[in-house]
**Q** 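First, the structure itself, so that you have it in front of you.
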Amino acid sequence: MPELPEVETICHDISASILKQKITSVVIRNFKLRYPISKTLPKILTGQKIEKVSRLGKYILLKTKTGALIIHLGMSGNLQIKPRDHDLAKHEHVNIILANNLSLCYHDPRRFGAILWTTKDSLKHKLLQNLGPDPLHITANHLFERAKSRRLPIKQFIMNNQIITGIGNIYASEILFAAKIDPLQKANSISLNQCKKLIKEAKRILKLAIKHRGTTISDHKDGKGKEGSFQNKLKVYGKEKIPCGKCRTKLKLIKIAGRSTFFCPSCQAT
DNA sequence: ATTTTCTCCTGCATGC
DNA sequence: TGCATGCAGGAGAAAA
């Protein structure tokens with residue numbers, strides 16, 4: 001699903017259309033997401049103005065005067081700006097209709113996403129309060145310190161959003177390949193230098209992916225419904241049995257914690 | 001406390 | 001064509 005670059009792209013795209021806009025109505029067609037959508041959400045949101053749009057890891061926050069709407073896109077979700085009277089797409093579960101006659105449309109076939117309202121300081125929300133730092137801001141020392149007590153594979157470690165937010169299955173493989181780190185290497189055996197390299201490559205790859213408006217393998221669409229292009233820049237994800245771009249060794253596909261993991265057994269040898 | 005497994009759901013590719 | 005199977009970009013909860 002949407003990982004950091006995809007969420008960032010969507011967040012950026014929808015901002016211009018919804019910022020400072022008043023919500024005139026909210027339509028919910030399916031309440032059953034990962035957590036049930038609150039029945040009172042339309043009543044809460046109607047009449048409120050969207051004052052700020054921001055991203056926290058893979059979460060999108062729409063702030064109003066009295067609270068924040070927390071949106072997560074799960075595996076297959078997206079948010080698009082459409083005219084108020086657009087043709088309804090399949091799996092379009094929620095519409096937030098604005099005074100400018102545009103509609104913020106939440107679309108999510110697998111319904112692993114979430115839409116939650118909080119009146120507290122949103123950072124204190126249960127789902128957000130324990131999130132790790134954003135990879136675009138994290139330091140190598142921080143990652144190194146956190147890794148010391150963990151012996152799970154480094155790939156699993158960097159996909160844990162309590163450690164570092166925003167890195168999902170695609171970019172985890174890409175980052176570890178670029179940093180020449182074996183995805184199976186235990187987190188507590190990662191050196192400070194490896195952490196530095198990992199973070200450097202994470203920043204480079206995630207920024208580049210944002211520039212390319214994300215990776216569209218099957219689902220990702222930006223805020224206008226268009227596909228990203230970073231799938232054309234991937235070096236290892238989905239490329240098992242294809243020669244490594246650096247050393248020509250055949251890339252390998254293994255499962256780590258049940259997730260497909262792509263790497264070069266030669267470049268990323270421990 | 002950390003790590004592994006299970007779970008939510010639809011759609012698509014594959015094989016019979 | 002139809003049906004069964006397995007897999008897909010996430011991540012919290014339960015189990016180990």
Side-chain angles (χ1 to χ4, degrees), chain A residues 1-10 29-37 55-60 70-79 89-94 106-116 125-132 135 145-176 183-189 202 205-206 209-210 212-222 227-240 253-262:
Chain A
M1 141 41 301
E3 303 180 35
L4 187 149
E6 292 74 33
V7 177
E8 179 68 28
T9 300
I10 289 169
R29 296 183 196 82
N30 193 338
F31 289 82
K32 283 180 64 185
L33 299 186
R34 168 152 210 185
Y35 309 102
I37 301 177
R55 175 184 67 76
L56 194 64
K58 296 178 194 170
Y59 289 90
I60 294 170
I70 301 169
I71 304 174
H72 195 285
L73 301 173
M75 286 270 233
S76 58
N78 64 51
L79 281 170
K90 202 177 177 187
H91 305 300
E92 199 177 304
H93 307 310
V94 179
Y106 178 86
H107 173 265
D108 184 6
R110 289 172 78 180
R111 289 192 273 119
F112 285 173
I115 299 182
L116 301 163
H125 190 276
K126 201 181 157 205
L127 290 176
L128 308 183
Q129 66 176 348
N130 293 320
L131 290 178
E145 288 303 320
R146 296 293 304 268
K148 276 182 176 169
S149 62
R150 306 295 207 109
R151 57 195 122 171
L152 75 179
I154 185 67
K155 188 214 178 207
Q156 233 180 315
F157 180 73
I158 61 169
M159 284 180 67
N160 180 345
N161 68 20
Q162 317 267 303
I163 303 297
I164 178 170
T165 59
I167 298 175
N169 205 37
I170 294 178
Y171 294 105
S173 282
E174 293 295 319
I175 289 165
L176 292 172
L184 284 168
Q185 188 179 340
K186 306 281 186 221
N188 63 359
S189 78
I205 288 171
L206 295 171
I210 291 169
H212 285 83
R213 308 191 59 70
T215 299
T216 300
I217 286 176
S218 61
D219 286 322
H220 167 64
K221 299 253 169 64
D222 70 17
E227 301 189 341
S229 65
F230 196 72
Q231 63 278 11
N232 302 318
K233 303 282 174 188
L234 298 174
K235 307 276 194 222
V236 291
Y237 186 86
K239 300 196 185 296
E240 73 273 21
L253 163 59
I254 57 170
K255 296 274 180 185
I256 296 179
R259 311 295 300 276
S260 293
T261 305
F262 302 86

**Q** What residue pairs, at least two apart or across chains, pass side chain to side chain donor-acceptor pair (under 3.5 Å) with a residue in residues 163-176 of chain A?
**A** A:Glu6-A:Tyr171, A:Lys155-A:Asn169, A:Tyr171-A:Thr215

**Q** Using every non-hydrogen atom in the two residues, find where A:Gly77 and A:Pro2 come nearest and quote the distance to one decimal.
**A** O-CG, 3.6 Å

**Q** Under the side chain to side chain contact (heavy atoms under 4.5 Å, CB included) test, which residues partner A:Glu240, sequence neighbours left out?
**A** A:Leu253, A:Phe262

**Q** Mind checking the P distance from B:dT5 to C:dC7? Whole angstroms is fine.
**A** 15 Å

**Q** Restricting to nitrogen or oxygen on both sides, can you table the protein-nucleotides 14-16 of chain C pairs closer than 3.5 Å?
**A**
none

**Q** For A:Arg29, which residues count as a side-chain hydrogen bond (donor to acceptor under 3.5 Å, both in side chains) partner, sequence neighbours excluded?
**A**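 With sequence neighbours excluded, A:Arg29 shows a side-chain hydrogen bond (donor to acceptor under 3.5 Å, both in side chains) to A:Asn95, given in chain and number order.
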
**Q** At less than 4.0 Å, is any side-chain N or O atom of A:Lys255 found next to OP1 or OP2 of C:dG6? Yes or no.
**A**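 Indeed not, no polar side-chain atom of A:Lys255 lies that close.
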
**Q** Without decimals, in angstroms, what is the distance between A:Asn160 CG and C:dG10 C1'?
**A**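 Rounded to the whole Å, the gap is 12 Å.
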
**Q** Mind checking A:Tyr35 for me? I need base, sugar-phosphate or nothing, with any heavy atom below 4.0 Å counting as a touch.
**A** sugar-phosphate

**Q** Could you list the residues that satisfy ring pair (Phe, Tyr, Trp, His ring centres under 6.0 Å) with A:Tyr59, not counting sequence neighbours?
**A** A:His72

**Q** Please work out if A:Asn169 contacts a base, only the sugar-phosphate, or nothing of the nucleic acid, heavy-atom cut-off 4.0 Å.
**A** sugar-phosphate

**Q** So A:Asn161, base contact, sugar-phosphate only, or nothing? Heavy-atom distance under 4.0 Å.
**A** sugar-phosphate

**Q** If you define the side chain from C-beta out and look only at heavy atoms, does anything of A:Lys58 sit under 4.5 Å from A:Asn161?
**A**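 Contact flag for A:Lys58/A:Asn161 side chains = no.
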
**Q** Can you tell me how far P in C:dC3 sits from the matching atom in B:dC9, rounded to whole Å?
**A**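 Per the computed distance, 22 Å lies between those P atoms.
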
**Q** Once you round it to whole Å, what is the distance between P of B:dT2 and CG of A:Asn130?
**A**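 After rounding, the reported distance stands at 12 Å.
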
**Q** Testing the basics here: between A:Thr9 and A:Gly214, what is the closest heavy-atom pair and its distance to 0.1 Å?
**A** OG1-N, 4.1 Å

**Q** When we call it a touch if two heavy atoms are under 4.0 Å apart, what does A:Leu33 touch: a base, just sugar-phosphate, or nothing?
**A** nothing

**Q** What pairs with A:Asp108 under side-chain hydrogen bond (donor to acceptor under 3.5 Å, both in side chains), at least two apart in sequence or on another chain?
**A**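 A:Ser76, A:Tyr106.
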
**Q** Taking side-chain hydrogen bond (donor to acceptor under 3.5 Å, both in side chains) as the test, write out the residues that go with A:Lys255, two or more places apart.
**A** A:Ser260

**Q** Could you spell out the base pairing of DNA chain C in dot-bracket, with Watson-Crick or G-U pairs whose two distances are under 3.5 Å, [ ] crossing and | to another strand?
**A** .|||||||.|||||||

**Q** Looking at residues at least two apart in the chain, or sitting in another chain, which of them share a side chain to side chain contact (heavy atoms under 4.5 Å, CB included) with A:Ala89?
**A**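 Partners of A:Ala89 under the side chain to side chain contact (heavy atoms under 4.5 Å, CB included) test: A:Lys82, A:Glu92, A:His107.
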
**Q** Please state how far atom CD1 in A:Ile164 lies from atom C1' in C:dA11, giving the value in whole angstrom units.
**A** 16 Å

**Q** Could you run through nucleotides 3-15 of chain B and give me one letter per nucleotide, 5' to 3': B if any protein heavy atom sits under 4.0 Å from the base, S if only the sugar-phosphate is that close, - if neither?
**A** SS---BBBS----

**Q** Roughly how many Å is it from CZ in A:Arg259 to C1' in C:dG12, rounded to a whole number?
**A** 13 Å

**Q** Please report the distance, rounded to the nearest Å, between CD1 in A:Ile167 and C1' in C:dA11.
**A**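 Taking atom C1' of C:dA11 as the reference, CD1 of A:Ile167 is at 15 Å.
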
**Q** Distance check needed: C:dG12 P versus A:Met75 CE, whole Å only.
**A**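 Atom-to-atom, A:Met75 to C:dG12, this comes out as 13 Å.
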
**Q** How long is the line joining CD1 of A:Ile163 and C1' of B:dA1, in whole Å?
**A**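 Between C1' of B:dA1 and CD1 of A:Ile163: 12 Å.
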
**Q** Provide, to the nearest angstrom, the distance between the CG atom belonging to A:Leu4 and the C1' atom belonging to C:dA11.
**A**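 Between C1' of C:dA11 and CG of A:Leu4: 16 Å.
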
**Q** If the cut-off is 4.0 Å, is A:Tyr59 near the phosphate of C:dG12, judged by side-chain N/O to OP1 or OP2?
**A** yes

**Q** Indicate whether OP1 or OP2 belonging to C:dG12 is found under 4.0 Å from a side-chain N or O atom of A:Lys58.
**A**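 No, outside the criterion.
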
**Q** Applying side-chain hydrogen bond (donor to acceptor under 3.5 Å, both in side chains), can you list everything that pairs with A:Glu227, at least two apart in sequence or on another chain?
**A**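 Partners of A:Glu227 by the side-chain hydrogen bond (donor to acceptor under 3.5 Å, both in side chains) criterion come out as none, since no residue qualifies.
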
**Q** For A:Tyr237, which contact category applies under a 4.0 Å heavy-atom criterion: base, sugar-phosphate, or nothing?
**A** sugar-phosphate

**Q** Quick one: list whatever passes side chain to side chain contact (heavy atoms under 4.5 Å, CB included) with A:Arg34, sequence neighbours left out.
**A**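 Not a single residue meets the side chain to side chain contact (heavy atoms under 4.5 Å, CB included) criterion with A:Arg34.
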
**Q** When you measure from the side chain of A:His220 to the backbone of A:Arg213, do you find a donor-acceptor pair of N or O atoms at a distance under 3.5 Å?
**A** yes

